[in-house]
Amino acid sequence: AQSVWGYDSDNGPEHWHENYPLAKGDKQSPIEINSKDVQHDSSLSPWHASYDPGAAKSILNNGRTCRVVFDDTFDRSVLRGGPLTEAYRLRQLHLHWGSSDDHGSEHVIDGVKYAAELHMVHWNPKHGNFAGALKQPDGVAVVGIFLKVGKTPKAEMKRILEEIDNIKTKGKEAPFHHFDPSILFPKSRDYWTYHGSFTTPPCEECITWILLREPIEVSSDQMAKLRSLSKNAENEPVHPLVDNWRPPQPVKGRIVRASFK
Ligand SMILES: NS(=O)(=O)c1ccc(C(=O)N2CCN(Cc3ccccc3)C2)cc1
Ligand SMILES: [Zn+2]
């Protein structure tokens, strides 16, 4: 049977286009951002998130990432402003990380790879539902936050990392309530924005990316905790869930705008 997509040599990013032709599109993500090519856009307004902690539902290991899902059946937790003209509903957050602290992020900034990258995924309710939104160029908005390894553990990440022990293997899910993900935001609201795609198959080009310039700091122990997740199901051979990142894709003439000088 065709191997399901993943991040290994036989089913990784170089193979995705075989089953998902969009993966070879002109607006793929992630990309490498070079400050010299970025255009400052003074018309970009600040972005605002107003999240209801009660919308958090559960945390799960789907064998490819650790994901927290939220109730998105109404405008309960929304992102607005910045490059967005409407309010987008928070649906889920997840992470991409490496097998060691020196790599793991998907976007690369001036050659710098961070240890991990956290994605907060929102969709535009004018398109009815998530499935409809991912068919539209303005269907989805993802806030990307870089995780940098330093001395201080990010207290706000503890909530997520404490749950890791309950979702060690693929298919495990645990209740996850009373969580406002805006506590994960860094101090600065500075961001880059460009139009791109899901960084996983089917790689639809429906995403307005909002990448925060200021990374949040996590400890090496916190990264080790993330790396203790397994991509296999219980009582299957153990395969660590690490290096679940897609490498940068061709920019193909796209403009990356910055909200800051
Ligand atoms: N790394 S990223 O932020 O670019 C990102 C990647 C994938 C997804 C994601 O949840 N899906 C992509 C399509 N997929 C299939 C799907 C599911 C329900 C309805 C319709 C289709 C879901 C969200 C964000
Ligand atoms: Zn992602």
Side-chain angles (χ1 to χ4, degrees), residues 4-7 11-13 16-17 19-23 25 27-33 47 49 57-73 77 79 83-84 88-98 103-109 113-125 127-147 157 160 170 173 181 184 191-212 215-216 226 229 231 241-249 254:
V4 175
W5 71 268
Y7 295 93
N11 66 0
W16 292 353
H17 71 93
N19 288 316
Y20 304 98
L22 295 175
K27 297 190 177 68
Q28 289 294 291
S29 295
I31 59 172
E32 160 113 40
I33 291 182
W47 52 274
K57 291 195 307 189
S58 65
I59 186 168
L60 66 104
N61 172 346
N62 64 10
R64 296 185 179 117
T65 187
C66 163
R67 176 187 287 178
V68 176
V69 293
F70 301 85
D71 166 25
D72 61 353
T73 57
S77 293
L79 176 76
L84 308 175
Y88 285 59
R89 276 186 206 164
L90 175 66
R91 178 179 177 88
Q92 52 110 321
L93 71 80
H94 63 271
L95 295 108
H96 305 264
W97 60 92
H103 69 282
S105 64
E106 300 205 296
H107 292 87
V108 177
I109 310 296
K113 293 182 180 178
Y114 289 98
E117 187 172 330
L118 187 149
H119 290 156
M120 294 186 185
V121 184
H122 312 72
W123 58 278
N124 191 334
H127 298 308
N129 57 33
F130 185 64
L134 50 81
K135 299 188 184 82
Q136 309 295 331
D138 66 346
V140 177
V142 180
V143 174
I145 304 175
F146 297 110
L147 274 61
M157 275 298 293
I160 293 176
K170 177 179 176 182
E173 185 164 16
L184 296 169
Y191 63 90
W192 295 281
T193 183
Y194 78 98
H195 192 266
S197 74
F198 287 126
T199 65
T200 64
C203 300
E204 290 96 340
E205 297 176 345
C206 60
I207 300 191
T208 299
W209 281 95
I210 298 171
L211 296 169
L212 305 192
I216 60 174
L226 208 45
L229 287 168
K231 59 169 79 162
L241 176 47
V242 293
D243 287 325
N244 55 354
W245 51 277
R246 187 190 194 185
Q249 301 299 306
R254 284 174 282 175

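In each ligand, atom 1 is the first atom listed, and ligand 1 is the first ligand listed. Throughout, residue positions are numbered sequentially from 1 according to the sequence presented.
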Identified side chain to side chain contact (heavy atoms under 4.5 Å, CB included) counterpart of Phe146 within the set Glu106, Lys113, Glu117: Glu117
Passing option when Gln28 is tested against Gln249, His17, Arg246 for side-chain hydrogen bond (donor to acceptor under 3.5 Å, both in side chains): Arg246
The one among Trp245, Trp123, Phe198, Tyr20 that brings a heavy atom closest to atom 8 (C) of ligand 1: Phe198
Quick one: do Arg91 and Asp72 make a salt bridge, cutoff under 4.0 Å? yes
Within this structure, what is the OG1-NE2 distance for the pair Thr65 and His119, rounded to the nearest 0.5 Å? 9.5 Å
So if I count the atoms of ligand 1 from 1 in the order they appear, which ones are less than 4.0 Å from some heavy atom of Arg67? 10 (O)
Looking only at heavy atoms of Trp209, does any of them come nearer than 4.0 Å to an atom of ligand 1? yes
Ligand 1 and His94, any nitrogen or oxygen pair closer than 3.5 angstrom? yes
Quick check: does any side chain N or O of Thr193 sit under 3.5 Å from a backbone N or O of Trp209, one acting as donor and the other as acceptor? yes
For atom 20 (C) of ligand 1, the closest protein heavy atom turns out to be Leu134 CD2, 3.7 Å
Protein residue, atom and distance nearest to atom 22 (C) of ligand 1, heavy-atom basis: Phe130 CE2, 3.9 Å
Please name the atom of His119, limited to N, O or S, that comes nearest to the Zn ion (ligand 2). ND1
Option from Trp192, Tyr114, Tyr194 for which side-chain hydrogen bond (donor to acceptor under 3.5 Å, both in side chains) with His107 holds: Tyr194
Does the protein come close to atom 15 (C) of ligand 1 - that is, does one of its heavy atoms sit below 4.0 Å from that atom? no
Per-atom contacts, ligand 1 versus Pro202 - under 4.0 Å to a heavy atom: 13 (C)
Would one find more than 12 heavy atoms of other residues, nucleotides or ligands at under 6.0 Å from atom NZ of Lys27? no
Roughly how far apart are Trp97 CH2 and Leu241 CG, rounded to 0.5 Å? 4.0 Å
For Gln92, atoms of ligand 1 separated by under 4.0 Å from a heavy atom: 10 (O), 23 (C)
Backbone or side-chain N or O of Thr199 under 3.5 Å from ligand 1 N or O: yes
Please verify whether a non-hydrogen atom of Glu117 lies at under 4.0 Å from ligand 1. no
State whether a side-chain donor-acceptor pair under 3.5 Å links Asp138 with His127. yes
Is His96 close to ligand 1, meaning an N/O of one under 3.5 Å from an N/O of the other? yes
I'd like to check which ligand 1 atoms, numbered from 1 as shown, lie under 4.0 Å from a non-hydrogen atom of Thr200. 6 (C), 7 (C)
